[in-house]
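Here's the structure, in structure tokens; my notes come after.
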Amino acid sequence: MRNKALKRMLRQDLGHGGEPVRLEETVALCRRLAQAHPADTEARQGFWGFLADVFHFEGIPLLLSQLAVLLAACLAALSSRMGVYEVPHYMPLFILAVVPAFFRGQHYRVSEVEAVTRTSGALLTLARLVIAGGGALVCLTFLLALEIWLQRSCENLGHIVIYCLVPYLTCMTAMLALIRRSKRDGAPLCMAIALGSVFFWRHASSLFPWLYEASALGVWVAAVLVYSWLFAKEIVYIIHANKEVNMYGIVDR
Amino acid sequence: MELSIDRLTKHYGHKIAVDCVSATLGPGVYGLLGANGAGKTTLMRMLCAILEPTAGEVRFDGREVSAMGEAYRDVLGYLPQDFGYYPTYTAAEFLSYIAALKGIPRDRAGRRVRELLETLDLTAVADRKIKTFSGGMKQRVGVAQALLNDPKVLILDEPTAGLDPKERVRLRNLLSEYAGDRIVLLSTHIVSDVEAIADRVFVMNAGRFIMYGTVPELAEQVRGKVWELTVPREQARFWQERCTVANYRHEGEQVVLRIIADAKPADGAAACDPILDDAYLYHFGKEA
């Protein structure tokens, strides 16, 4: 524990009615006592060890479901006349694929047990996000490689990345917001949003043809920035929820 | 070690689930008795910080738990009333998963899981999927997961629900043995469970503690209000409708009724020694 934190605790516990005297000596004494009598609490593992454990228990099914979506996206890209431009339509499916993993605690009523563990429901969500995000990143890289192979050029790579990011971030942010708000029907809502997004993006090019013109790039970049900001806010909330005893994603019955 | 509750309150709209409850819990086993809807589960969920109180606070060793974060969760073990599990996991897998969430390193987790499976008599079924378990076995898995991190504060919501008498005795003994210098709080509406292991008992009704004390202290509160009355069998119904009858025992053509009443119900009634059941029935009456 840092000296600053230790002093704050001492002030809080001892300092009713004024500044406690000889704070430095007290801090030093606390440290000496703590070294002489180490706490009987067992050492706990850090985030990376925890992440490895979450991967061990949940990683494989989560990545396999994403792999299935990747396969579908590749087949669609290879069979469609739009080629890899078909791929962004499938990005919400990568979210759909991970919904069961993110909501399984809620579905099987394990979320309360998970929430009162040291790592809490918030950190568990963060670990799942790292695994799901890593998987999605690998899939996206593969799809971009496919684009290069199909087009034999890297010319439109930037466009495709942006076209993929917007639907992905929209659905991911919506899913995190639903978990944060502890919606009872979070999972079906999230699935509906993902499927609705697939439908919307499939028809976006015919409904809003201007959206895919070079001049609309600014709109896409703005959308990426907005959704990245919203996504970052959700991540900050998760980190904050983990630091405090602030329950995350618990459905109040 | 001390867990203190200070004017803890929870409102759901206009409904008051827990109403300005205060208490200080030191090491020992505490029973929380109350009828369904008395506010036991809401109180326990607030103690575990699963639920945010409308007002009041919970402190552990003088520190507000909402500011302690993982330091509080690290000393906490909790069995919810509605214990859920992942159906595809075996008992050992589920406990290993919870051990991982509790931050227990894998080598130590494996040892701890084996110990608890042994203690709770689950070793033989460790590799069977939990979905194939009986209610009592599932409940034992629930207790095992709560004990994984060797918690200093153990909160169990209806831990004996679904257990057969033998399992209940076994669990009660385990908790008594485990308590030592820890704080164990268990809620139940089975009075005999609390009577057997709790050092102190809180009786809750309509979101408030209406009684608090040791089992003999609580029983003593209804001394002079417990009566035994022997009546012909055909009169039994009359007394059941008129008074709170704690017990009904046949003796030949007659029945012996244990009646809870402020005043002597009939000339032939004799005062008898009260037990916790009587105190509970005195407060909850027909409701119980």
Side-chain angles (χ1 to χ4, degrees), chain A residues 1 5 8-9 12-14 16 39-58 61 100-101 104-125 127 182 239-253, chain B residues 12 41-42 45 47-52 58 60-89 93-94 96-106 108-109 112 130-131 142 145-146 148-153 155 157:
Chain A
M1 188 185 284
R8 196 179 60 237
M9 280 174 64
Q12 189 189 329
D13 290 348
L14 307 170
H16 302 296
D40 57 357
T41 50
E42 292 177 326
R44 301 291 188 224
Q45 64 180 351
F47 179 73
W48 298 110
F50 169 64
L51 185 64
D53 279 336
V54 175
F55 186 83
H56 170 75
F57 284 103
E58 303 186 10
R104 70 177 197 148
Q106 212 180 80
H107 180 75
Y108 291 112
R109 307 183 320 278
V110 185
S111 52
E112 279 191 18
V113 167
E114 290 173 343
V116 295
T117 58
R118 182 176 193 269
T119 45
S120 82
L123 205 64
L124 181 60
T125 302
S182 306
I239 293 167
H240 181 74
N242 180 56
K243 277 186 184 159
E244 295 188 359
V245 178
N246 183 357
M247 283 304 143
Y248 179 81
I250 298 284
V251 175
D252 195 7
R253 285 158 296 142
Chain B
Y12 289 103
T41 297
T42 306
R45 293 178 88 210
L47 290 179
C48 294
I50 288 171
L51 208 57
E52 206 178 331
V58 181
F60 179 69
D61 279 346
R63 293 175 68 195
E64 207 180 323
V65 298
S66 59
M68 286 178 69
E70 63 179 32
Y72 180 59
R73 293 193 297 264
D74 207 14
V75 298
L76 188 66
Y78 175 54
L79 170 69
Q81 186 181 28
D82 187 17
F83 169 66
Y85 57 90
Y86 293 126
T88 53
Y89 282 7
E93 278 170 348
F94 184 74
S96 302
Y97 171 71
I98 298 295
L101 299 193
K102 293 195 176 200
I104 304 169
R106 260 192 218 179
R108 203 141 21 90
R112 186 81 183 128
I130 306 177
K131 66 180 176 188
Q145 65 76 27
L148 272 168
N149 56 329
D150 197 12
K152 288 185 174 139
V153 179
I155 296 177
D157 199 353

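On a predicted model such as this, the values are computed, not experimentally measured, just so you know.
Chain A forms more heavy-atom pairs under 4.5 Å with one residue of B:Ala99, B:Ala146, B:Pro105 than with any other, namely B:Pro105. Heavy-atom pairs under 4.5 Å with chain A peak, among B:Gly103, B:Pro151, B:Gly142, at B:Gly103.
Nearest heavy-atom pair across A:Val113 and B:Gln145 is CG1-OE1, 3.2 Å. Nearest approach of B:Tyr78 to A:Val116, heavy atoms of both residues: CB-CG2, 3.8 Å. Smallest separation of non-hydrogen atoms from A:Glu114 and B:Leu101: CG-CD1, 3.5 Å.
The interface of residues 47-56 of chain A with chain B, defined by heavy-atom distances below 4.5 Å, comprises A:Phe50, A:Ala52, A:Asp53, A:His56.
From B:Glu70, atom CD reaches atom CZ of A:Arg118 across 4.0 Å, with rounding to the nearest 0.5 Å. The structure places OH of A:Tyr108 at 10.5 Å from OH of B:Tyr89, a figure rounded to the nearest 0.5 Å. Atom OH of B:Tyr97 and atom CG of A:Leu124 lie 4.5 Å apart (nearest 0.5 Å). How far OG1 of B:Thr88 is from CZ of A:Arg104: 6.5 Å, rounded to the nearest 0.5 Å.
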